[in-house]
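Here, residue 1 is the first one in the sequence, and each next residue gets the next number.
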Amino acid sequence: MADNSSSLLDRSRTVAGPGYNRWLIPPAALAIHLAIGQAYAFSVFKKPLGALLSGDVDHPAAGDWTPGQIGWIFSIAIVLLGLSAAIFGKWLERVGPRKAMLAAALCFSGGFFIGALGVKLHSLALLYFGYGFMGGIGLGIGYISPVSTLIKWFPDRKGVATGMAIMGFGGGAMIASPLSVALMAHFKDTAPMGVAPTFVTLGIIYFIFMQFGVWMIRVPADDWAPEGYVPNAEHSALITSGNVSADNAIKTPQFWLLWVVLLMNVTAGIGVLETASPLIQDTFSDKAMGAGRGVTAAAAAGFVGLLSLFNLLGRFFWSSASDKLGRKTTYMIYFGLGVILYALIPTLGQNLQLALFVVAACVIISMYGGGFATVPAYLSDLFGKYQVGAIHGRLLTAWSTAGVLGPVIVNYLHEHRKAQGFTGAAAYQSVFYTMAGLLVLGLLANLAVRAVNQRYFEKEPVAAAAGGH
């Protein structure tokens, strides 16, 4: 019971009363994920940030930042996403989602404000610290803060619930990209390329938007269950009746198998996302297709937008399907179908099958997004809902690793093929065959997943402990 002096942010003040409508929780989670999903739109700042001194994106001045220097901003943010999710996961379970969501909003928005100062002073270190380090911490805490709460509210539809929220992270860029471009155009006469005031404005907008999630979020009472819900009605051998703590989870082979599963799925997906625009332009160029028939830069941007849409839709579709199919089966589809499509893409490119090429890429990216959205439910099946947020946080270090590994593999293989004289689709051939190979490793790791040994289960009832009392 909360005493009257307890803070409005305390977990005890967020316990829902009888009759609370659980369908109010996904919109609260979505408010956080739509905001932090802005990270996927960071590429719209790359050219403006590289022309702050010259004012001309095509002719940078001597002191302007290079694409390589700017690229590290996003990499730092993704690495900090995984690390902060791992470090703060147990704290989140203890203090509850409201305090964690507010901390995420302060860090994420604060990252924009510090980043704006870095832009104004032309300090790359401040930009790394602001958008990369502080913003990355906000990403990590914000990403996992609604997940364990959703799983507790929707034990009967874990995939649907987590898919709805994590769909927001995939779709956040669809709002952030045009908004950022419009703001930079609006402010371009008052600041170099309009970047600094755009950062400040986005920081304010996202902080206010995230408050909807902060104050709407509720946790169910310890003894609450959906009407008519029978635990483990699915009768799957992989769905545990016990609970495993975050500290014990990382001692199990299942955790590390899923770590490999997520690493391979994300590394392969980044292989497409990282190169989407140049890939389709190089493969279906005027030289290959005939004068005037190649894919233009504008059409390539449309292709990137289409991939974002399938990234978003895949998160909801595949995670919802996993409630019926089972998580292990769903990942078998990701990897089995993925291997075939990745291996096919170079052939489709060489045969100039543009429509089939686009369809294959869209399906691949839908499964990339689906992998993110399905994994929290997979973890809950295996380890119980006790500290699933903290376990999920630790697993996201696989995403941090993939965020560095994916682009390194893609860029190295592509440059190596180009150095050998290959052009168009042939220059990307080794990239896709390598990614197909990584998916085979993911397939084998998923095949090896078994039910968690009972020796890792908590010995005492943990309903109260889940609240950190």
Side-chain angles (χ1 to χ4, degrees), residues 7-11 13-14 23-42 44-45 73 77 80-81 84-85 88 92 95-120 126-127 129-147 149-150 164-187 190-191 194-219 308 312:
S7 162
L8 283 172
L9 295 172
D10 286 350
R11 187 186 185 281
R13 298 291 288 268
T14 64
W23 289 100
L24 294 172
I25 302 301
L30 200 55
I32 303 296
H33 273 248
L34 276 172
I36 63 175
Q38 181 278 337
Y40 272 153
F42 179 74
V44 301
F45 293 112
I73 301 167
L80 263 294
L81 184 160
S84 61
F88 293 108
L92 182 158
V95 303
R98 179 173 290 171
K99 192 174 284 188
M101 285 178 172
L102 183 60
L106 288 167
C107 290
F108 185 65
S109 300
F112 276 111
F113 300 143
I114 298 167
L117 184 61
V119 171
K120 188 170 174 58
L126 266 180
L127 200 49
F129 177 72
Y131 190 97
F133 187 84
M134 286 296 295
I137 292 173
L139 288 176
I141 298 173
Y143 192 89
I144 62 171
S145 56
V147 170
T149 306
L150 282 164
M164 273 189 283
I166 292 175
M167 179 175 77
F169 194 86
M174 297 179 74
I175 299 168
S177 187
L179 175 62
S180 301
V181 170
L183 286 171
M184 283 189 286
H186 177 73
F187 289 121
T190 58
V195 177
T198 295
F199 271 25
V200 171
T201 307
L202 289 175
I204 294 167
I205 289 171
Y206 283 127
F207 182 78
I208 293 169
F209 187 69
M210 290 169 85
Q211 296 314 298
F212 174 80
V214 171
W215 300 105
M216 277 285 292
I217 199 71
R218 297 285 188 279
V219 295
S308 294
L312 178 156

Exercise. Any side-chain heavy atom of Ile36 sitting closer than 4.5 Å to one from Met210?
Worked result: yes
Problem set entry | Option from Thr149, Leu9, Asp10, Val219 for which side-chain contact (heavy atoms from CB on, under 4.5 Å) with Arg98 holds | Leu9
Problem set entry | Shortest non-hydrogen separation from Ala116 to Ala196 and the atoms involved | CB-O, 3.5 Å
For this session: Could you pull out the closest heavy-atom pair between Gly213 and Ala31, with the gap in Å?
Result: N-CB, 3.9 Å
Problem set entry | Spacing of Leu150 atom CG and Ile217 atom CD1 [to the nearest 0.5 Å] | 6.5 Å
Problem set entry | Nearest-0.5 Å distance that lies between atom CG in Leu81 and atom CD1 in Ile141 | 10.0 Å
Exercise. Can you check whether Ser84 reaches Leu139 side chain to side chain, under 4.5 Å on heavy atoms?
Worked result: no
For this session: Just jot down the side-chain hydrogen bond (donor to acceptor under 3.5 Å, both in side chains) partners of Tyr143, sequence neighbours excluded, or say none.
Result: none
Exercise. Where do Tyr40 and Ala173 come nearest, in terms of heavy atoms and distance?
Worked result: CB-CB, 3.7 Å
Exercise. Would you say the side-chain atoms of Ser145 pair up with the backbone N or O of Gly142, donor to acceptor, closer than 3.5 Å?
Worked result: yes
For this session: Would you name the heavy atoms of Gly115 and Phe199 that are closest together and state the gap between them?
Result: C-CD2, 3.7 Å
Problem set entry | salt bridge (charged side-chain N to carboxylate O under 4.0 Å, His left out) against Lys120, all qualifying residues, sequence neighbours excluded | none
Seminar exercise, completed: By side chain to side chain contact (heavy atoms under 4.5 Å, CB included), Ile204 pairs with (sequence neighbours left out) Phe113, Val200, Ile208
Exercise. Does the side-chain contact (heavy atoms from CB on, under 4.5 Å) test come out yes or no for Ile137 and Phe88, once each step is laid out?
Worked result: CA-CA 9 Å; Ile137 292 173; Phe88 293 108; 4.2 Å; yes
Exercise. Can you check whether Ile166 reaches His33 side chain to side chain, under 4.5 Å on heavy atoms?
Worked result: yes
Seminar exercise, completed: To the nearest 0.5 Å, atom CZ of Arg11 lies from atom CG of Leu92 at 10.5 Å
Problem set entry | Nearest non-hydrogen partners of Ser177 and Ala41, listed with the distance | N-CB, 3.8 Å
Problem set entry | Partner set under side-chain hydrogen bond (donor to acceptor under 3.5 Å, both in side chains) for Trp215, not counting sequence neighbours | Gln211
Problem set entry | Sequence-distant partners of Met167, side chain to side chain contact (heavy atoms under 4.5 Å, CB included), two or more places apart | Leu312, Arg315, Phe316
Exercise. Would you call Arg13 and Ser7 a side-chain contact if the rule is heavy atoms closer than 4.5 Å?
Worked result: no
Exercise. Which heavy atom of Met174 sits nearest a heavy atom of Ser308, and at what distance?
Worked result: CG-CB, 4.1 Å
Seminar exercise, completed: Sorted by chain and residue number, the ring-ring contact (aromatic ring centres under 6.0 Å, His included) partners of Tyr131 (sequence neighbours excluded) come out as Phe42, Phe112
Problem set entry | Value rounded to 0.5 Å, distance of CG in Leu127 from CD1 in Ile73 | 3.5 Å
Problem set entry | Residues that Phe129 engages under side chain to side chain contact (heavy atoms under 4.5 Å, CB included), provided they are two or more places apart | Ile114, Phe133, Met134
Exercise. Ser109 side chain to Leu106 main-chain N or O, any donor-acceptor pair under 3.5 Å?
Worked result: no
For this session: Kindly write out the residues that satisfy side chain to side chain contact (heavy atoms under 4.5 Å, CB included) with Leu183, not counting sequence neighbours, or none if the list is empty.
Result: Leu179, Phe187, Thr198, Thr201, Leu202
Exercise. Atom CE of Met216 and atom CG of Leu30: how far apart are they, to the nearest 0.5 Å?
Worked result: 11.5 Å
